[in-house]
Amino acid sequence: MNLSDLTRNAYMLRGSLAKKGYMRWWHSFSGVQAETGETRTFFVEFLVINPGLGGEQPVLGQHPYYKKRGMKPSYVCVKAGVFPGAEGQEGRQLHAFYPIASLKTTPSPLVMQVEDCFYSENRITGYIDVSPEEAGHRFFMSDAGTMEWDLEVHKAVSCHTGILASPLFQVLNALDSYWHGEGIKSFFRGTVTLDGVAYDVTPDSCYGYSDKHWGHNFNRPWMQFACGRLSSERSGKELRHSVLAINGCCPRFLFIPLRRKLLIQLTYTGEDFDFGFRPFVLSRCRWETKKTNKRYIWHIVAKNKDAVIKISGSCTREQMLQLQYENPDGFKSKLPLVAGAAAVGTIRLYRRVPGGQVLLDTLHMDQGFCEYREG
């Protein structure tokens, strides 16, 4: 449902999550190079892993010293970068690691400061510089380069997952990973400088997205899809305040894994359609992922008592980047996590009526954000 909840966006790695848990606040948005008109899509993420194990130095789980001693990772990581471009431009991810002791936070509404990097609900700023020598070490999981950002953020549409991320479900460890989309439709304004080249980020053309994940481990499969650039066949216009957001989850009951499901919210011209958010109702959702030599392709059909949604989306392999993470146990999956910001596709939305269904609209997606790892 479209409901802001800053308490769910707050810092909350306590109890068992403090020594085996993670939080990640993700932001992605497009910027335009003023002189050339080149458009690129950037991302900035704040990641905290196992703060209860931390101290005055970041503990990198892939570093041979810590790996040999069986030490779990514990650090703050600021990840920033750019997705591959349509003209063959390479993607990049830059990692800066900081000790837990250097992190300063406030309660809800959250404000975080770690050296040069700052996060609040309406502003993010920071700077990362990774040398070629540092990037040469596998345990940094980073490319080389520099990126600086100074951005205002307005989170216009939220996705609240209800009981699925409630304190009760967290106490029961009902999910490996919880999700809250405070800004599935976000408007960014400011500048990004990548390797000395400046890009302007404006609300009208940024197509921004912001969310948060936290829990004991990453979802497998890891499935996300979101698009804030939707155009309507019915009106022939782009829908400024409409957005689609999809997130996968792997529920458990008494530690027994249940059927994997998708959480889907479509905010369409002021009306919210959600699918899969009720935990005690069998999910009426079918989805499949196909991989060809050139594309990742997703097909999804979901139903609730009021509506039916049919989604087809894809992204070219050339415009996807393999993101690097280790989980709270220090395990780095051999299965690639690929992500892109150039997904396209269609959404068909139907209203259910007695005896059948009526097509409300067909929406066309462009510049969609997607992440996927096989389970």
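Positions are given from 1, in the same order as the sequence printed here.
Shown are Arg220, Lys334, Lys291; of these, the salt bridge (Lys or Arg N to Asp or Glu O under 4.0 Å) with Glu374 is made only by Lys291.
The local environment of CD in Glu238 is crowded, with over 12 non-hydrogen atoms from other residues, nucleotides or ligands closer than 6.0 Å. Around the CD atom of Glu35, the shell of radius 6.0 Å holds no more than 12 heavy atoms that belong to other residues, nucleotides or ligands. Environment of CZ in Arg317: crowded, with over 12 heavy atoms of neighbouring residues, nucleotides or ligands closer than 6.0 Å. Within 6.0 Å of the CD atom in Gln322, the count of heavy atoms belonging to other residues, nucleotides or ligands exceeds 12.
In this structure, the side chain to side chain donor-acceptor pair (under 3.5 Å) partners of Arg123, at least two apart in sequence or on a different chain, are Asp150. The ring-ring contact (aromatic ring centres under 6.0 Å, His included) test applied to Phe187 returns His241, not counting sequence neighbours. Phe275 is linked by a ring-ring contact (aromatic ring centres under 6.0 Å, His included) to nothing, counting only residues two or more places apart in sequence or in another chain. Residues satisfying the ring-ring contact (aromatic ring centres under 6.0 Å, His included) test with Phe218, not counting sequence neighbours, are Tyr22, Trp222, Tyr325.
Taking the six-membered ring for Trp and thresholds of 30 and 60 degrees, Phe83 and Trp26 have ring planes inclined between 30 and 60 degrees apart. Note on ring orientation: taking the six-membered ring where Trp is involved, the planes of Phe273 and Tyr268 are tilted (angle from 30° to 60°). Using the six-membered ring where Trp is involved, His27 and Phe46 have ring planes that are perpendicular, over 60° apart on the 30 and 60° scheme. In this structure, Tyr65 and His63 have perpendicular ring planes: the angle between them is above 60°, well past the 30° mark.
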Verdict with supporting geometry, Leu151 and Val192, side chain to side chain contact (heavy atoms under 4.5 Å, CB included)
CA-CA 8 Å; Leu151 298 158; Val192 173; 4.3 Å; yes
Working for side chain to side chain contact (heavy atoms under 4.5 Å, CB included), residues Asp272 and Gln265:
CA-CA 7 Å; Asp272 298 320; Gln265 177 176 310; 4.2 Å; yes
Going through the distances and angles, do Thr191 and Trp149 end up as a side chain to side chain contact (heavy atoms under 4.5 Å, CB included)?
CA-CA 6 Å; Thr191 58; Trp149 61 95; over 6 Å; no
Let's go through Val358 and Tyr350 carefully: what are the C-alpha distance in whole Å and the side-chain angles of both, what is the deciding distance for side chain to side chain contact (heavy atoms under 4.5 Å, CB included) to 0.1 Å, and is it a yes or a no?
CA-CA 5 Å; Val358 176; Tyr350 300 83; over 6 Å; no
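Val78 places none of its side-chain heavy atoms less than 4.5 Å from the side chain of Leu47. Between Leu363 and Glu233 the shortest side-chain heavy-atom distance does not fall below 4.5 Å. Contact of the Thr362 side chain with the Ile347 side chain is not registered, since no non-hydrogen atoms from C-beta on lie closer than 4.5 Å. Annotation: side chain of Leu60 is not in contact with side chain of Gln62 (no heavy-atom distance under 4.5 Å). Inter-residue side-chain proximity for Ile124 and Phe188 is flagged as met; some heavy-atom pair is nearer than 4.5 Å.
Here Lys332 does not pair with Glu326 in a salt bridge; the nearest charged N to carboxylate O distance is not below 4.0 Å. We find that Asp306 and Arg351 are not joined by a salt bridge, their nearest charged nitrogen and carboxylate oxygen being 4.0 Å or further apart. Under a 4.0 Å N-O distance rule, the pair Arg40/Glu90 does not qualify as a salt bridge.
Closest of all the heavy-atom pairs between Gly228 and Val243 is CA-CG2, 3.9 Å. Taking all atoms of both residues into account, the shortest heavy-atom contact from Tyr75 to Val59 is CD2-O, 3.1 Å. Between Ile311 and Ile246 the shortest heavy-atom distance is CD1-CD1, 3.8 Å. Of all the heavy atoms in Ala135 and Val130, the pair that sits closest is N-CG1, 4.0 Å.
Judged by distance alone, with hydrogens and angles left aside, the side-chain atoms of Lys303 form no donor-acceptor pair with the main-chain N or O of Cys285 at under 3.5 Å. Side chain of Thr106 to main chain of Pro109: a donor-acceptor pair is present (N/O by atom type, distance under 3.5 Å, no hydrogens or angles). Lys185 contributes a side-chain N or O that, together with a main-chain N or O of Arg240, makes up a donor-acceptor pair within less than 3.5 Å. One N or O on the side chain of Ser131 and one on the backbone of Glu134 form a donor-acceptor pair closer than 3.5 Å. Within the 3.5 Å criterion, the main-chain N or O of Leu110 finds no donor-acceptor partner in the side chain of Ser108. At least one donor-acceptor pair under 3.5 Å links the side chain of Asn327 to the backbone N or O of Gly330. Listed for the Asn50 side chain is a donor-acceptor partner under 3.5 Å among the backbone atoms of Gly21. The closest donor-acceptor contact from the side chain of Arg352 to the backbone of Asn304 lies under 3.5 Å. In terms of modelled atom types and a separation under 3.5 Å, the side chain of Asn2 and the main chain of Ser158 share a donor-acceptor contact.
Between the side chains of Glu182 and Ser4, a donor-acceptor pair is found at a separation under 3.5 Å. With hydrogens and angles left out, the side-chain atoms of Arg295 and Thr316 include no donor and acceptor closer than 3.5 Å. Side-chain contact, Glu115 with Ser102: no donor N or O sits under 3.5 Å from an acceptor N or O. Between Thr269 and Ser242, the side chains place no donor N or O within less than 3.5 Å of an acceptor N or O (distance only, hydrogens not considered). Between the side chains of Arg229 and Gln367, at least one donor N or O sits under 3.5 Å from an acceptor N or O. No hydrogens or angles considered: nothing links the side chains of Asn219 and His213 as a donor-acceptor pair under 3.5 Å. Remark: the Tyr209 side chain and the Gln224 side chain contain an N/O donor-acceptor pair separated by less than 3.5 Å. Between the side chains of His364 and Thr346, not a single donor N or O lies within less than 3.5 Å of an accepting N or O.
Hydrophobic clustering (side-chain heavy atoms under 4.5 Å, transitive across Ile, Leu, Val, Met, Phe, Trp, Tyr) groups Trp179 together with Ile163. Using a 4.5 Å cut-off between side-chain heavy atoms of Ile, Leu, Val, Met, Phe, Trp and Tyr, with links allowed through other members, Leu337 and Leu94 fall into the same hydrophobic cluster.
Note that OG1 of Thr193 is 10.0 Å distant from OH of Tyr127, once rounded to the nearest 0.5 Å. The CG atom of Asp195 sits 12.0 Å away from atom CD of Glu148, with the distance rounded to the nearest 0.5 Å.
Note: Phe369 and Phe225 fail the aromatic proximity criterion, with ring centroids not under 6.0 Å apart.
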Side-chain atoms of residues 140-147: list all donor-acceptor pairs with protein atoms under 3.5 Å, sequence neighbours left out, distances to 0.1 Å.
unit_1 : atom_1 : unit_2 : atom_2 : d
Ser142 : OG     : His95  : N      : 3.1
Asp143 : OD2    : Gln93  : N      : 3.0

Show me the donor-acceptor pairs within less than 3.5 Å that the side chains of residues 6-15 make with the rest of the protein, sequence neighbours left out.
unit_1 : atom_1 : unit_2 : atom_2 : d
Thr7   : OG1    : Asp5   : OD1    : 2.4
Arg8   : NH1    : Thr161 : OG1    : 3.4
Arg8   : NH1    : Gly162 : O      : 2.9
Arg8   : NH2    : Gly162 : O      : 2.7
Asn9   : ND2    : Tyr119 : OH     : 3.1
Asn9   : ND2    : Glu121 : OE1    : 3.3
Asn9   : ND2    : Glu121 : OE2    : 3.0
Arg14  : NH1    : Tyr11  : O      : 3.1
Arg14  : NH2    : Tyr11  : O      : 3.3

